[in-house]
Amino acid sequence: MFDIQLNSFVRRIEQANEFKALIKSSGAQLTRKGRSRNWRLRGTWSQFEFIIYHAQVREEPSWQWVIEQLNNFKPKPNMEDLVTIIKLNPTITLQQLVTKTDCTVAEARKAFDIVAWD
């Protein structure tokens, strides 16, 4: 469960009610911190992915700020995850793995080496 603080959320984005409805449909929780302008978004990474995808489809420029905030919390895959991805898709290239998982080139090479030696 991730907890993200969105300072001045309603003032920074246009069509805030539509974005709130999108967040609610994902299952994540958006709450206001007291009587301040600051908001808190709580949810899992899969819920954040849902929000990011639907916000990008909508192409509202003011929503990009929230998308960037959510992308900052993207979990890094561990070595086991990388090895599993390679084993499930043996034709994947190094660059495709880096792009898909946001891992470093060194981590991707190490995962390929582990798969090659197994």
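Only heavy atoms go into these numbers, but all of them, side chains included; no hydrogens, no water, no symmetry mates.
Taken from CD1 in Ile51 to OG in Ser46, the straight-line distance is 9.5 Å, to the nearest 0.5 Å. Going from atom OG1 of Thr104 over to atom CG of Leu82 covers 8.5 Å, rounded to the nearest 0.5 Å. In this structure, Trp65 CH2 and Arg12 CZ are separated by 4.5 Å, a value rounded to the nearest 0.5 Å. Thr99 OG1 to Gln95 CD: the interatomic distance, rounded to the nearest 0.5 Å, is 4.5 Å. The CZ atom of Arg11 sits 15.0 Å away from atom OG of Ser62, with the distance rounded to the nearest 0.5 Å. Taking NZ from Lys87 and CD1 from Ile114, the interatomic distance works out to 9.0 Å, rounded to the nearest 0.5 Å.
At least one side-chain heavy atom of Ile4 sits under 4.5 Å from a side-chain heavy atom of Leu70. Arg58 has its side chain within reach of Glu18: a pair of non-hydrogen atoms, C-beta onward, lies under 4.5 Å apart.
No continuous path of ILVMFWY side-chain contacts below 4.5 Å connects Tyr53 to Ile67, so the two sit in separate hydrophobic clusters. Cluster annotation: Ile92 is connected to Leu94 through the hydrophobic network of ILVMFWY side chains, with a link wherever side-chain heavy atoms come within less than 4.5 Å. Put simply, Val115 and Met79 are part of the same group of oily side chains (I, L, V, M, F, W, Y) that touch within less than 4.5 Å, one to the next.
The backbone N or O of Phe112 sits nowhere less than 3.5 Å from a side-chain atom of Arg109 that would complete a donor-acceptor pair. Of the possible polar contacts, one joining the Gln96 side chain to the Thr93 backbone as a donor-acceptor pair under 3.5 Å is found. Between the side chain of Gln47 and the main chain of Thr44, a donor-acceptor pair closer than 3.5 Å is present.
Relative orientation of the Phe2 and Trp45 rings is perpendicular, given thresholds of 30° and 60° on the angle between their planes. Phe9 and Phe19 have tilted rings, their planes meeting at an angle from 30° to 60° on a 0 to 90° scale.
Taking all atoms of both residues into account, the shortest heavy-atom contact from Phe50 to Ser26 is CD2-CB, 3.2 Å. Across all their heavy atoms, Glu14 and Trp63 have their closest contact at O-NE1, 2.9 Å. Across Asn38 and Ser8, no two heavy atoms sit closer than the pair OD1-N, 3.5 Å. Here the closest heavy-atom approach between residue Leu97 and residue Cys103 is recorded as O-SG, 4.2 Å.
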- Starting from the C-alpha separation in whole Å, work towards a yes-or-no answer on side-chain contact (heavy atoms from CB on, under 4.5 Å) for Leu30 and Trp39. CA-CA 7 Å; Leu30 181 69; Trp39 293 73; 3.7 Å; yes
- Check the pair Lys20, Asn17 against side-chain contact (heavy atoms from CB on, under 4.5 Å), reporting the backbone distance first and the verdict last. CA-CA 5 Å; Lys20 287 179 189 178; Asn17 289 333; 4.2 Å; yes
- Message: For Arg37 and Val10: C-alpha separation, side-chain torsions, deciding distance, then whether side-chain contact (heavy atoms from CB on, under 4.5 Å) applies.
- Response: CA-CA 8 Å; Arg37 291 185 277 167; Val10 174; over 6 Å; no
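For the 3.5 Å distance criterion, the side chains of Gln5 and Asn7 qualify, holding a donor opposite an acceptor. Of the N and O atoms on the side chains of Arg40 and Gln29, not one donor lies less than 3.5 Å from an acceptor on the other residue.
Partner of Phe48 under the side chain to side chain contact (heavy atoms under 4.5 Å, CB included) criterion, chosen from Asn71, Ile23, Leu41: Leu41.
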